[in-house]
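Data first, discussion second: the structure below is written as structure tokens.
Numbering of ligands and ligand atoms starts at 1, following listing order.
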Amino acid sequence: MSKKNPTIQTTKLGNKVQRGKGKKPERKTDTEGNVLNAGEEPVGHKETLRFFFGLVLLILALFMLLSFTSHLFTGAEDQCLIEQGAMEGFLNYAGAVGAYCANYWINRCFGFSAFILPVFLIIAAMKLTRAYKVRLWKWFLNCSILIIWFSVTCSYFFQQTFEGLSGWNFINPGGDHGLFISNWLNQRIGKVGTFMVLLLTAVAYLAYLSSETIRLVRRILNPVDYIKSKLPAKAADGETEPAEDSADPETTDDTADIIKEEEECPVQTTINFDMDAPLKEEKEEYTDEEEETDAPDKRSDSPKATPELDIVETEKEELADASGKGALEPYDPKLDLENYHYPTLELLDKRNDEDAPIDMEEQNKNKDQIIEVLQNFGVGISSIKATVGPTITLYEITPAKGVRISRIKNLEDDIALSLSALGIRIIAPIPGKGTIGIEVPNARPRMVSMESILNSRKFRESDYELPIALGKTITNEVFMVDLAKMPHLLVAGATGQGKSVGLNAIITSLLYKKHPAELKFVMVDPKKVEFSIYSPIENHFLAKIADGDDEPIITDVQKVVATLKSLCCEMDTRYDLLKKARARNIKEYNAKFKNRQLNPENGHRFMPYIVVVIDEFGDLIMTAGKEIELPIARIAQLARAVGIHMIIATQRPTTNIITGTIKANFPARMAFKVSAMIDSRTILDRPGANQLIGRGDMLFLSGSEPVRVQCAFVDTPEVERITNYIAKQQSYLGPFELPKVEMEGEESNAGAVDMTHLDPLFEEAARLIVATQQGSTSMIQRKFAIGYNRAGRLMDQLEKAGIVGAAQGSKPREVLCIDDTDLEMRLNNLR
Ligand SMILES: Nc1ncnc2c1ncn2[C@@H]1O[C@H](COP(=O)(O)OP(=O)(O)OP(=O)(O)O)[C@@H](O)[C@H]1O
């Protein structure tokens, strides 16, 4: 890090923030070099000046308030004196200066709205004295708008009233400014026109302040519709609010308007076939189909059979503010990139084939053939129902009494033959239902677009920690999981079956929901081409070891080993911090940190989630074997609580790649089509993946039974648009830094230390070490509230400068400088 770089700031996230050009970094130390707590600000010379200036503004504002208020009562008498230019005899409580000041701002400038001026000055004073944290430019903008608008409005409405009031006619209610604009408008567009302009500007301003205004105006314009919409909502007890009211602001800022009706009500298409006729007469046409297109209706039928389970959510335990720091605002990790905009849905392609109508001819033909095959083998059925999904149709059959389920299961190949279709799967019985399922691929599969998934209410309103929207189930419902709960995911499938698209869908859903402060990815890509599209967002979302290598996507096996070790180290550090904070998991820890119950001076920091995505994990195991497998297993076993999650993908689902250790630690599995049943058993512990049809057709297992899902399709240009959208925004200075670990056989890296770019804390750290005569890295970490890796690099630089000795394992280093004079000499040599 350059000593002279003016745009670097190290945050409590351990990241560096790239501030806007020209802004100076704010060092969180006071003039004596002490590191300050979160929320505390340094008190230096500049700070004193700033505080003093704030006080001056405050006094000035109070003086103006006094003079303005007094002017309302004493202005009539003072008016003649003002006109004569006198300096004595004024009645204004703020004297002659107050009288002139009030006359100028109220009568000559803005009328009554001049009162906003001292209000703004008070707010500015609060900011300068750091009594309150306010965004001054926003206040400035709002106050300016209000002053102008009120001044014109007061003139428009009250000018004539005041002129006619004896004793008050010295007041110009809108000031000269308001009078001028109001007269100008009156002459151009008349009284009514001016009123319209004032009304329009007021509504526009209120709409800018709150989107509630728009809804209110809509209701005023169409009250009947509003009343109608409210009536059924009240009737249906517990019904949810419209999407625009409750949508997640994070993802819907720019997209709330383009939500399609269909997402609110997934198009689940269920066809109930009438079984009466075929049971009586063998070869009769089945024409009595009933089509249900409303999924919620269908679902609301089923609970009739089984009593509904009411799940009572327990209330989350409120975090007690043990430190009593209630007065401090909660720490906001997003503040470093406060203007960050989440990607919008316009960046994704819309695909129309999702709305294609159901091919009833195909459905009837399949149904007839299924029934025929079953009857040919003497299997009677009492009902058949079809649910048409994007790529697969599920035929649910209820066998006649006395039919053995295994008999139907054995007819899989015969049914496949009669339908001449690949990928027929029989689920006998469907768990939780008394039926048998036959999954038949559709002749014309529909692609599930990422846009339709991310625009669904389910995704937008999800409160998962790490929401992953994978695609649509057979019943056309959006399929979502929480990576934080899984907690690690194994993705496998033969080449070309949709793994990479699946990984992109996972990463995309996380990018749409998470702020760069909350999530970091470690991307490993031995193929070197799959994840390169994510390199533009390295400073926002990627994490890597601080080793001077510019490449944020890890492609080299040795670097993978180092990164995994570093992640283990990060995991251990996080556990230590959790222990110190007496938090059980990252969520509790971060909540405490946000509530300022944890002191950054003791090494505490906000912890972003880390998602490690490893593509072609098989290649790595083949080249590095245990060196890779062991750290992966260790992270997989332990890292859940500290927010480190892994997603590993392989196109070689063999037992030497997906070993017992890996399987035991990756309970969630995503299987795309594989060529052999044995591969399916390796991934899912059961057959099934070999019967998939490819192109994103997958089985997701996280629990007892796999779910068949059509993975959402997200194309490379779409991902590129998203990454470019993010990359264009303000970012941290570099990727999130993972601790550097010494690899076996690697020499102490003091020799490779770059002394041309000394750490900005170098001198302070040197003074601290010499003063305390303790060469301890953890002390530097604690004292300066910096990460392990930065403290380590500082130590290396101090070693190179001859201030401390070489590392001695876990013991502190020897301090070679005996006193300040010795230190100053060495520092002078370095300057
Ligand atoms: N969800 C999907 N919907 C529609 N088509 C898909 C889907 N997923 C993948 N495909 C099709 O399959 C092709 C191959 O997908 P993908 O590149 O993801 O395969 P892969 O398993 O990663 O292959 P490899 O292991 O060789 O990288 C895509 O180019 C696309 O045409």
Electrostatic pair [X]-[Y], nearest N-O below 4.0 angstrom:
X	Y	answer
E705	R686	yes
D697	R708	yes
E570	R574	yes

Practice task
Please confirm whether G493 comes under 4.0 Å of ligand 1, counting heavy atoms of the residue only.
Solution key: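 G493: no contact with ligand 1 (<4.0 Å).
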
Exercise for the section: Report yes or no: does A494 have a heavy atom closer than 4.0 Å to ligand 1? Expected result: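 A heavy atom of A494 does come that close to ligand 1.
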
Exercise for the section: Give every residue pair that meets the side chain to side chain donor-acceptor pair (under 3.5 Å) criterion with at least one member in residues 481-502, sequence neighbours excluded. Expected result: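 Listed by first then second residue: S500-E530.
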
Practice task
Output yes when the distance from some N or O of ligand 1 to some N or O of C711 is under 3.5 Å, and no in every other case.
Solution key: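 Between C711 and ligand 1, an N or O pair is found under 3.5 Å apart.
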
Exercise for the section: Please determine, by modelled atom types, if N504 and Y534 share a side-chain donor-acceptor pair under 3.5 angstrom. Expected result: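 Distance-only check passes for N504 and Y534.
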
Problem - For ligand 1, the portion of A712 having any non-hydrogen atom under 4.0 Å away - result: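 Within the 4.0 Å criterion, A712 contacts ligand 1 through backbone atoms alone.
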
Practice task
Would you kindly specify which portion of K499 sits under 4.0 Å from ligand 1, judged on non-hydrogen atoms: side chain, backbone, both or neither?
Solution key: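 Answer for K499: both.
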
Problem - Side chain K513, main chain P467, donor-acceptor under 3.5 Å - result: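 Answer holds: no.
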
Problem - Whether D525 side chain and V529 backbone form a donor-acceptor pair below 3.5 Å - result: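 At least one qualifying donor-acceptor pair exists.
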
Protein heavy atom at shortest distance from [atom]:
atom	result
atom 24 (P) of ligand 1	T495 OG1, 3.4 Å
atom 2 (C) of ligand 1	R695 O, 3.5 Å
atom 19 (O) of ligand 1	G498 N, 3.2 Å
atom 27 (O) of ligand 1	K527 NZ, 2.7 Å
atom 13 (C) of ligand 1	G496 O, 4.2 Å
atom 18 (O) of ligand 1	V501 N, 2.9 Å
atom 22 (O) of ligand 1	S500 OG, 2.5 Å

At less than 4.0 angstrom from any non-hydrogen atom of [X], what atoms of ligand 1 do you find?
X	value
Q651	25 (O)
G696	1 (N), 2 (C), 7 (C), 8 (N)
Q710	1 (N), 2 (C), 3 (N)
E530	27 (O)

Problem - Qualifying residue for side-chain contact (heavy atoms from CB on, under 4.5 Å) with F531, from T555, L503, I554, V719 - result: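 Result: among T555, L503, I554, V719, L503 is the only option passing the side-chain contact (heavy atoms from CB on, under 4.5 Å) with F531.
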
Practice task
From the options T682, I658, D685, select the one residue that forms a side-chain contact (heavy atoms from CB on, under 4.5 Å) with R669.
Solution key: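 Of the listed options, the one satisfying the test is D685.
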
Problem - D349: partners by side-chain hydrogen bond (donor to acceptor under 3.5 Å, both in side chains), with sequence neighbours left out - result: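 By the side-chain hydrogen bond (donor to acceptor under 3.5 Å, both in side chains) rule, D349 matches R721.
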
Practice task
Check whether any protein heavy atom sits under 4.0 Å from atom 29 (O) of ligand 1.
Solution key: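 Flag for atom 29 (O) of ligand 1 set to false, no protein heavy atom closer than 4.0 Å.
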
Practice task
Give me the ring orientation class for H540 and Y340: parallel if the planes are under 30° apart, tilted from 30 to 60°, perpendicular past 60°.
Solution key: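 Judged by the thresholds at 30° and 60°, the geometry between H540 and Y340 is tilted.
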
